[in-house]
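Nothing here was measured: the structure is a model prediction, and the numbers come from that model. A note on names: the letters A, B, ... follow the listed sequences, proteins ahead of strands, and every chain is numbered from 1.
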Amino acid sequence: MEYNFREVEKKWQAYWAQNKTYKTEDRSSKPKYFVLDMFPYPSGAGLHVGHPLGYIASDIFARYKRLKGFNVLHPMGYDSFGLPAEQYAIQTGQHPRITTENNIARYREQLDKIGFSFDWDREVRTSDPQYYKWTQWIFIQLFNSWYNKKSNKAENIETLIAEFERGGNGSINATCELTETFSSSDWNAFSEKDRSDVLLNYRLAFLSNTMVNWCPQLGTVLANEEVKEGVSERGGYPVERKLMKQWSLRITAYADRLLTDLDALDWTESIKEAQRNWIGKSEGTSLKFTIAPSPEGEGRGEVEVFTTRPDTLFGVSFVTLAPEHELVEKLTTPEQKKAVDEYITFAKNRSERERMADVKKITGVFTGAYVIHPFTGKQVPIWIGDYVLAGYGTGAVMAVPAHDSRDYAFADHFGIDKLVIILPPVDWDFADKSYDEKEGKLVNSDFLNGLEVKAAIKKIIAVIEERGLGKGKTNFRLRDAIFGRQRYWGEPIPVYYENGIPKVLSENELPLLLPEVDKYLPTETGEPPLARAKDWKYKGEFEYEYSTMPGWAGSSWYFLRYMDAHNDKTFASKEAFDYWQNVDLYIGGAEHATGHLLYIRFWTKFLNDLGLIPVAEPAKKLINQGMIQGVSAFVYGFAVGIDGISSEQIISKSIPKMKKFIVPKSSYDNYQKNGADSLLNKIIESELAVWKNNGYTGIIQSKELTSLIPVHIDINLIDSVTNILDVEQFKKSDRYKFLRIDEILCEENGNYICGREVEKMSKSKWNVVSPDDIVEQQGADCLRLYEMFLGPLEQSKPWSTSGISGVSNFIRKLWRLYHNGDELNISNEPATRPELKTLHKTIKKIAQDIENFSFNTSVSSFMICVNELTEFKCNKREVLEPLAILMAPYAPHIAEELWNKLGNTESITYATFPICNEDYLVESSFNYPISFNGKTRFFREYDRSLSKEDVEKEVLNLDQTQKYLEGKAPKKVIVVHNKIVNIVI
RNA sequence: GCGGAUGUGGCGUAAUGGCAGCCGCGCCAGACUUAGGAUCUGGUGCCGUAAGGCGUGGGGGUUCGAGUCCCUUCAUCCGCACCA
């Protein structure tokens, strides 16, 4: 009988659950190993085949480590706060908790079917009050902390207050917005509100007025990494810049450490590089320009700029301010006021998306004011331009058109001088472009003349500092993380306001439960949904904070909770931290490079600073699994009807009086290429005739109306090989009804061939493949092996089931190896040398592969192994028992079954990974000593089929030998296929 | 523009600097048969009847020897992007 995977998989999954086979010991004499997956957001679409890719890899590793004698922590949980459940709640009124619980139940069911070795007793859910209690608690620690640059760590705010009381803030070196100084007597005289305001400048969780990314459609602010190309990452809605009072986390305090500590991490270079770019450290100089006095003769202060190229100071031909710069209003001369006001209005109304879309478009305006060049004394005009960002550096730059491409473009556009002060070492046409390289000799630069750029930078910084014009400064691109979200389904920020002063809840008041609301929408007055709550903790007593935490809050420390998931005294015990330390292997998608992976490092460092945990990094090693893409299917729709409505509207919405068609791919291709298609023209003409016959005269054809657009349809309606659409099934589908297609035009042979394209797998693209189907049809082990077999873990690849039959065959072959018909067929005779060679070769390869995370090649090795053993007709226990153990990480169900059939009573989980005996592998070649020129002896590797005489003859007769030896003693002769290919001296 | 990655048969892919294409899919031929979406055997990089020749995006280099190392160039994908 064939291997019955359904029965076997069900049996062992039940066994593992019942016996808690994968329960992790809190303490153990074994060494620990922590394998972590990025926990999923439980979306309504369920798991697709891409999700398990990383989980299977981590599961293989975890199982392997167990077999190697480690106490393995391999947990799973859910990142269960988030927008989709809330959007669903807005539409349907169903509480996000219900939606989330349903989705989690579905995820769990799907995960269980794949046979993961998670310790479910440690499951965490970020939306569970027992969990978010500690998320809130960590927020409170952040609020109660400041960053002391002297000790280079976060400290309790009390130490700062004590310092203020003693000597004011003069000698404090903190990460802080505040520029004013005050003395201890000032401090003592401050009101409570003043003190609170001052402290907010130091706290690591703080309230401030900042420019935020506001998304009107979502009704919330978004963090920088939640905005992609000017639109929201979730939903794709436009985002605008807006000044709002917001909670933020002072991640910038950790910028330097987040950057330098990357070097020691065993993470992929691309992630490290992405984080480096995101942090964006740049070393330069701040420089103050005195503003030329107004005509009335009054001084007007200074403009401070930041530059990485102080050496180009003599090439400055103007200074540019960001439109939002605070000096703009003060500086602008009456003559220029109108132009400047107009420009500022223009810049403000230009959405972030527009601004990014036409980066090339140069806009700006002259303020009418000047600064005085600190060395030449010349007047330098001050301009405003939106190519200067308010949020970076000082929001002002010194423009050196000849040596900075952006300044060049601006100067070119407005006809400003470009003074060359660096002679490029190569031919350079300054009429064409700027020379930005840091190489060449300076000219026209007074005391810098003749110096190389690097020397000039050194010298000018020294002079600038000496004259008090500025000083060396490091800037980061990283912004503080905006922490408040004007949404419902998140952790409430545990803050209330007493006389306008923000105060955090005390620990014993946690968790601050998410209150019930009647609707999940903002209030009429524009307050976030939480303002609707009737029974809030401080309702009627104090004002409370309405915003909730962002999605990344709960995921920024979850790895710690797994260590001690049920602790209700603390976020996890010290003993647990001391034992588990941090994650040894973290597997997840690369898309979290500048979001989650930065925040989790930030929180870990913070908790470490406070002495709460013993490690400063969350994960030693990080592997990014590639994305499994979907292969979408398209039909090509267009509509005939009234002018003025775009095809997209017609196809996606149902607009009356439109007749909608879909046409085959050939028409679409032809249309894309030639802009016309006779088939389409025919349809349009005949439709127009019908409409005219009905007395309708208002139809006007336009290009827009006839343009074809691809429409996603469900891939399950397509034959995966021929791409032929099952038209009958399609007509029955909801999708068809939704699109309200009137006619489907097929090709001449009656088939409708769809277009295919590789895209991200997503419900909205109708290309999701669920792992359930594979598990149902081929089994979990087959899915596991196949997903690994697909290619290197880190590579993205489209999902395709072609080739799954190979894996499926392999599993059956494996089964047959242990059976003769229905009977188990195992011999206790000793194995032959070739059999052992096959086994040990495989042991070596599998261990190597797992350590190197090249799981795809292991599957090949298993296939080779089984093929060879089948050929040998090997049924020896000595070989087949270790083979089952080798298989266990990859295909745990069948391995467990075979293990059990071989008479083992304990789960294979507790077996020991076999050790490779290299002796079996060196059978066919060996080292052999040979004399040469009567005195030297050396070793050579050669094929056994060669006799000693052959070898000696060959070596001595070789030209190469004479050429390369020249009397020296060779160390090794390399022979391949009976030919000497190298002699190593 | 900056940064990261990847280029090998019809396809997914494999090769501590040592016979390029393992393993699988697909395809071709055959065997068996209870006629199947089963199993087994053989073949399958390209050109050529063959001998043989050519082959890892292109061009150079290092090396006895390069898919692999170095330089250069092209192409594709991903991330960041007016960051001074």
Side-chain angles (χ1 to χ4, degrees), chain A residues 2 224-225 228-229 268-282 284-285 287 305-310 312 319-320 322 355-356 358-363 385-389 391-400 403-407 409-410 436 475-479 590-591 593-594 624 626-627 629 721 758 777 785-786 789-792 794-798 800-810 812-813 816 845 848 854 856-867 870 941 958-961 963-964 974-985:
Chain A
E2 286 284 290
N224 283 354
E225 78 290 339
K228 296 269 148 83
E229 289 167 17
T268 56
E269 204 45 45
S270 69
I271 292 279
K272 293 209 260 185
E273 204 51 38
Q275 292 209 347
R276 284 187 194 112
N277 288 342
W278 191 259
I279 295 166
K281 184 176 183 169
S282 96
T285 314
L287 189 55
V305 302
F306 174 77
T307 180
T308 55
R309 292 297 300 274
T312 61
V319 165
T320 317
R355 203 182 63 77
M356 286 165 88
D358 41 38
V359 164
K360 297 272 138 46
K361 195 169 151 195
I362 293 148
T363 65
D386 70 354
Y387 80 98
V388 178
L389 305 174
Y392 184 78
T394 59
V397 300
M398 60 176 227
V400 186
H403 303 292
D404 183 284
S405 53
R406 296 152 306 188
D407 298 340
F410 195 85
D436 298 7
N475 248 321
F476 292 97
R477 207 189 71 107
L478 186 71
R479 300 271 72 93
E591 67 274 17
T594 55
N624 301 115
M627 213 182 349
Q629 294 135 318
V721 179
V758 172
Q777 287 157 25
L785 285 165
Y786 184 61
F789 182 66
L790 223 44
E794 307 199 12
Q795 199 173 297
S796 287
K797 52 235 155 190
S800 138
T801 48
S802 75
I804 201 164
S805 61
V807 174
S808 182
N809 282 344
F810 158 74
R812 282 201 297 270
K813 270 189 194 171
R816 279 201 296 271
K845 187 69 176 18
Q848 256 174 16
S854 50
N856 55 326
T857 55
S858 315
V859 183
S860 296
S861 308
F862 283 131
M863 289 177 176
I864 295 167
C865 177
V866 168
N867 284 347
T870 304
E941 295 172 352
L958 256 176
D959 289 349
Q960 280 178 358
T961 315
K963 189 173 160 195
Y964 291 101
I974 312 258
V975 182
V976 176
H977 280 240
N978 296 349
K979 274 185 201 147
I980 294 184
V981 294
N982 191 25
I983 296 170
V984 180
I985 300 163

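- Across all strands, Arg479(A) comes closer than 4.0 Å to no nucleic acid atom at all (heavy-atom distances).
- Across C54(B) and U8(B), the matching C1' atoms stand 15 Å from one another, rounded to whole Å.
- Across all strands shown, G65(B) has no partner, as no Watson-Crick or G-U wobble contact with both distances under 3.5 Å is found.
- Comparing Pro792(A) and Met398(A), the nucleotide of RNA chain B nearest to each residue sits closer to the 5' end for Pro792(A).
- Remark: the backbone N or O of Arg309(A) is paired with a side-chain donor or acceptor of Thr307(A) at under 3.5 angstrom.
- The backbone N or O of Leu790(A) sits nowhere less than 3.5 Å from a side-chain atom of Asn856(A) that would complete a donor-acceptor pair.
- Counting any heavy atom pair closer than 4.0 Å across all strands shown, Gln795(A) reaches sugar-phosphate atoms only and no base atom.
- With sequence neighbours excluded, no residue forms a ring-ring contact (aromatic ring centres under 6.0 Å, His included) with Phe789(A).
- In this structure, Ile279(A) places its CD1 atom 17 Å from C1' of C2(B), rounding to the nearest Å.
- With 3.5 Å as the limit, one finds no donor-acceptor pair spanning the side chains of Asn475(A) and Ser282(A).
- Atoms CG (Leu389(A)) and C1' (A84(B)) sit 9 Å apart, rounded to a whole Å.
- Look at Arg276(A) and you won't find any side-chain N or O under 4.0 angstrom from OP1 or OP2 of G4(B).
- Using a distance-only test at 3.5 Å, with no hydrogens or angles considered, no donor-acceptor pair links the side chain of Arg276(A) to the main chain of Lys281(A).
- Without hydrogens or angle criteria, Ser808(A) side chain to Ile804(A) main chain gives no donor-acceptor distance under 3.5 Å.
- Spacing between atom CG of Asp436(A) and atom P of A81(B) amounts to 20 Å, rounded to whole angstrom units.
- The main-chain N or O of Ser405(A) is found under 3.5 Å from a side-chain atom of Asp436(A) such that the two form a donor-acceptor pair.
- Aromatic ring orientation, Tyr392(A) versus Phe306(A): perpendicular (interplanar angle above 60°, classes split at 30° and 60°).
- U6(B) is paired with A75(B) under the Watson-Crick or G-U wobble criterion, all donor-acceptor distances under 3.5 Å.
- When heavy atoms are screened at a 4.0 angstrom cut-off, Asn856(A) is found touching the sugar-phosphate backbone but no base atom.
- When the side-chain nitrogen and oxygen atoms of Arg816(A) are compared with OP1 and OP2 of C40(B), one or more of them lie within a distance under 4.0 Å.
- Spacing between G58(B) and A75(B) at atom P, rounded to whole Å, works out to 15 Å.
- Nucleotide C40(B) forms a Watson-Crick or G-U wobble pair with G30(B), both donor-acceptor distances falling under 3.5 Å.
- Summarising the geometry, the separation between OH on Tyr786(A) and P on G12(B) is reported as 12 Å, rounded to the nearest angstrom.
- Across U39(B), A84(B), G3(B), the shortest atom-to-atom separation from the side chain of Asn277(A) is found for G3(B).
- Among the heavy atoms of the strands, none lies under 4.0 Å from Val305(A).
- Comparing C47(B) with C40(B), their C1' atoms sit 33 Å apart, to the nearest whole Å.
- In this structure, Asn624(A) places its CG atom 16 Å from C1' of U6(B), rounding to the nearest Å.
- Syn is the glycosidic conformation of G9(B), whose angle stays within 90° of 0.
- Picking from A84(B), G79(B), C80(B) the nucleotide with the shortest atom distance to the side chain of Trp278(A) gives C80(B).
- As the counterpart of A84(B), no nucleotide is assigned, since no Watson-Crick or G-U wobble pattern has both distances under 3.5 Å.
- Rounded to a whole angstrom, the distance from the C1' atom of G57(B) to that of G67(B) is 12 Å.
- In this structure, the side chain of Gln275(A) engages the main chain of Ala593(A) through a donor-acceptor pair within 3.5 Å.
- The gap from the P atom of A5(B) to that of G9(B) amounts to 23 Å, rounded to the nearest Å.
- Checking the phosphate oxygens (OP1, OP2) of A84(B), a side-chain nitrogen or oxygen of Tyr392(A) falls inside 4.0 Å.
- Lys797(A) contributes a side-chain N or O that, together with a main-chain N or O of Pro792(A), makes up a donor-acceptor pair within less than 3.5 Å.
- Rounded to the nearest Å, the gap between the C1' atom of U56(B) and that of A15(B) is 11 Å.
- The interatomic distance linking Lys797(A) (NZ) with U76(B) (P) rounds to 23 Å, in whole Å.
- Taking atom NZ of Lys272(A) as the reference point, atom C1' of C78(B) lies 19 Å away to the nearest angstrom.
- Going from the C1' atom of A20(B) to that of G65(B) covers 14 Å, rounded to whole Å.
- Spacing between G30(B) and G24(B) at atom P, rounded to whole Å, works out to 22 Å.
- Across all strands shown, C23(B) is found opposite G12(B) as a Watson-Crick or G-U wobble partner, with both distances under 3.5 Å.
- The base-pairing partner of U49(B), taking Watson-Crick or G-U wobble contacts with both distances under 3.5 Å, does not exist among the strands shown.
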Below 3.5 Å is the cut-off: list the nitrogen or oxygen pairs between protein and nucleotides 21-29 of chain B, distance only.
unit_1, atom_1, unit_2, atom_2, d
G24(B), OP1, Asn867(A), ND2, 3.2

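- Phosphate proximity of G12(B) to Ser800(A): absent, as no side-chain N or O sits under 4.0 Å from OP1 or OP2.
- For Tyr387(A), taking side-chain heavy atoms from C-beta onward, the closest of the listed nucleotides A38(B), C82(B), A84(B) is C82(B).
- The nearest whole Å value for the distance from the CZ atom in Phe410(A) to the P atom in A84(B) is 18 Å.
- The nearest heavy atom of RNA chain B to Asp404(A) and to Lys845(A) marks one nucleotide each, and the one closer to the 5' end goes with Lys845(A).
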